[in-house]
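As C-alpha cells, the structure follows; a few thoughts come after it.
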Protein chains: 2
Amino acid sequence: MTAEIVRSTLHQKEGAPFSPDELPNLCGRPAVLRQLSPGEELFAPGERSDDIYGIVSGWAYSYRLFDDGRRQINTIELPGSLIGVASAARDGAAVGCACLTRVVYCVYPRATLFGRVMSEPALGLRIVAEVVRQEVLIRERLSDVARRPARERIANFLHELYCRRQITGRMDRPFSIPLTQTHIADALGLTPIHVSRTLREFKRDGVANYVGHDLQIIDAGKLARISTLDESYARWLGGGADAPIAAAEARPAMAARLA
Amino acid sequence: MTAEIVRSTLHQKEGAPFSPDELPNLCGRPAVLRQLSPGEELFAPGERSDDIYGIVSGWAYSYRLFDDGRRQINTIELPGSLIGVASAARDGAAVGCACLTRVVYCVYPRATLFGRVMSEPALGLRIVAEVVRQEVLIRERLSDVARRPARERIANFLHELYCRRQITGRMDRPFSIPLTQTHIADALGLTPIHVSRTLREFKRDGVANYVGHDLQIIDAGKLARISTLDESYARWLGGGADAPIAAAEARPAMAARLA
DNA sequence: CGTATCGTTGAACCATGTCAATGTCTGTGG
DNA sequence: CCACAGACATTGACATGGTTCAACGATACG
C-alpha cells in the first residue's frame with residue numbers, strides 16, 4: 001500500500017497531481033470555495049497571505065511585479081494547480097495571481113493544509129509532485145526565454161498550453177486561449193509589439209488567430225511543427241502518457257559509508 | 001509540537017531546508033556517500049536514475065542539454081541542496097548534474113526517501129520547502145533572463161551566489177566562484193563572448209576579476225549596487241534573516257461553501 | 001459618441017550575437 | 001627545458017533580432 005502510494009505519486013500519470021474534483025476535500029473536510037471574474041486577483045503583489053489556493057475551474061496566471069512597473073508572468077495556472085505554496089516561501093516578494101477567466105477556487109489556510117500532511121503523509125508527496133510539476137514548466141520556460149528566437153518561443157508557449165488543454169475541462173475545438181498579447185509578452189520576455197508582429201505571421205500561415213479576445217489555435221499540427229517542444233515533453237504536459245515505469249519498491253536504505 | 005514543525009518548515013530560517021550535516025541521516029540510517037572531481041557528473045543527461053542526491057560539500061550545477069548541443073544551466077547547487085526530485089518527474093528529459101569542484105554527496109533511492117516520508121511526515125514538508133526554494137531561484141532567474149540587460153543579469157547572478165555563500169561552508173574572503181565564463185553564459189542565456197566583455201568592465205571597475213579559474217568578488221558593495229536584487233531577497237538567499245513571522249497555529253479548516 | 005483597451009504598422013536604433021583571429025595559461029611528453 | 005596541445009579568455013568588425021518611439025485603427029462599453 002505504501003509502496004503503491006509512493007509509486008503513483010512519483011510518476012504522475014494524470015495531467016496534474018490533483019484533480020479539480022478532489023480539491024475541495026483536500027484537507028479532509030470541505031474547503032472554502034470562492035469565485036472571481038476575469039482581471040480580479042486571488043492575491044495581489046505585496047499582500048502577505050497565509051493561504052494556499054487550489055484552482056477548480058478557469059484560467060489564472062501568477063506573476064511578479066517589479067519596481068519599474070514591469071511584470072513577469074511565471075506560470076499559467078489551470079484547474080488542479082495549487083497556488084501559493086512557493087509564493088509565500090519568501091515573504092514580501094511582490095508576487096500575485098490574477099484571473100484570465102472566471103475562476104472557481106478553494107482556499108486552504110497554510111497551517112491547515114500542512115497540518116493535514118502530518119496526519120496524512122501521502123498528501124505531502126502529492127504536494128511535492130505538484131510543486132515539481134510547476135518547476136518543470138518554469139525550467140522549460142527559462143530555456144525558451146534564454147535561447148529561442150521569438151517565433152519559437154511563442155510557438156512553444158502556445159503549444160504548451162495546447163497540450164495542457166485537457167486539464168481545462170472542456171476540450172474545445174478549436175482551442176482558444178484567453179491571453180492578451182501583452183500577457184504573452186510578459187510571459188516570454190518580449191514586447192507586445194513584437195508579439196503582434198509574430199502573431200500576424202501565425203495568422204498569415206494559418207496557425208493561430210484572434211477571435212474576440214481569445215487566441216484560437218487554427219492548425220495544431222502546424223503549431224507543433226513550428227514549436228521545438230520535444231514529443232515526450234508534449235506527452236507529459238498532456239497528462240503523462242509517458243512510458244510506464246518500473247517503480248522501485250519502498251525498502252530500507254542500504255547503509256554504507258564512503259571509503 | 002506539530003504546529004511547531006509546520007511553522008519551522010514553512011518559514012525557513014536557515015539558508016536551506018537541509019543542513020549538510022544532517023543529510024547523511026535523512027532516511028534514518030546512514031546513506032551511501034560518494035565523491036566526485038570537478039567536471040564529473042552526478043548523473044548524465046538522458047540517464048534514467050531512481051536516486052535522489054544530497055550535496056554535502058562542494059559546488060555543482062544542474063543543466064539541460066538540447067539537440068543542437070546547447071546547454072541551459074538551471075541552478076547552481078550548493079551544500080544542502082537536494083537534487084533529482086524535480087529532474088525525474090519527467091522521465092527521459094535530457095537533464096544532468098555536473099561538479100564544479102570536488103563534491104561529496106549522498107545517495108537516496110527515491111523509493112527509500114519517499115517511503116521514509118510515509119513514516120515521518122515532517123520530512124515531506126521539508127522536501128516541499130527545498131523544492132520551493134529551488135523554484136524561487138529559478139523564477140528569479142527567469143525574470144532576469146527575460147528582462148534585464150546583460151550587465152545586471154550577470155551582476156544579479158554573482159550577487160545571488162555571493163549571498164548564498166554562507167552555505168558554502170567556508171566564508172572565504174575574498175569570495176571566489178568556480179565558474180567559467182561559458183558556465184555563466186549558459187546560465188544566463190548569453191554568449192561567452194559577451195560575458196567576457198562584461199566581466200572585463202567589472203574588472204576595470206574593481207568589482208570582480210578572475211584569479212586562476214575562479215572569479216573573485218573584489219568589492220561586494222559595488223556588486224550589490226550594480227545588481228537589482230532587492231534587499232529582502234538578498235537576505236532570504238543568505239539564510240532567511242527575514243522578519244519573524246507570526247505563524248498561524250494548526251487548526252481545523254473552516255467549512256463553508258460558495259454561496 | 002467619447003473613452004478605454006487592445007492590436008497594428010513603420011522607421012530608427014542598439015544590445016547582443018556571430019565570425020574570426022589572437023592571447024594566455026597549464027599540463028604533458030620528449 | 002622546450003615544444004606542443006587544449007582549454008579559456010580577449011578583442012575587433014560586422015550582422016541582426018528585438019526594442020523604442022510614435023501614430024493610427026478597431027472594437028467594446030457606458
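Numbers restart at 1 for each chain; the letters A, B, ... are given by sequence-line order, proteins then strands.
- The aromatic rings of B/Tyr63 and B/Tyr61 sit tilted relative to each other, their planes meeting at an angle between 30° and 60°.
- Atoms CG (B/Leu100) and P (D/dC8) sit 12 Å apart, rounded to a whole Å.
- Distance alone, capped at 3.5 Å, places no donor-acceptor pair between the B/Glu152 side chain and the B/Ile226 backbone.
- Separating the CD atom of B/Glu201 from the C1' atom of D/dT11 is a distance of 14 Å, rounded to the nearest angstrom.
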Could you run through nucleotides 6-16 of chain C and give me one letter per nucleotide, 5' to 3': B if any protein heavy atom sits under 4.0 Å from the base, S if only the sugar-phosphate is that close, - if neither?
-> SSBBBB----S

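- Taking the six-membered ring for Trp and thresholds of 30 and 60 degrees, A/Phe43 and A/Tyr53 have nearly parallel ring planes, at less than 30 degrees apart.
- By the 4.0 Å N-to-carboxylate-O rule, A/Arg139 lies close enough to A/Glu135 to be salt-bridged with it.
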Test side-chain contact (heavy atoms from CB on, under 4.5 Å) applied to A/Arg141 and A/Leu188, step by step | CA-CA 8 Å; A/Arg141 174 89 12 88; A/Leu188 301 179; 3.7 Å; yes

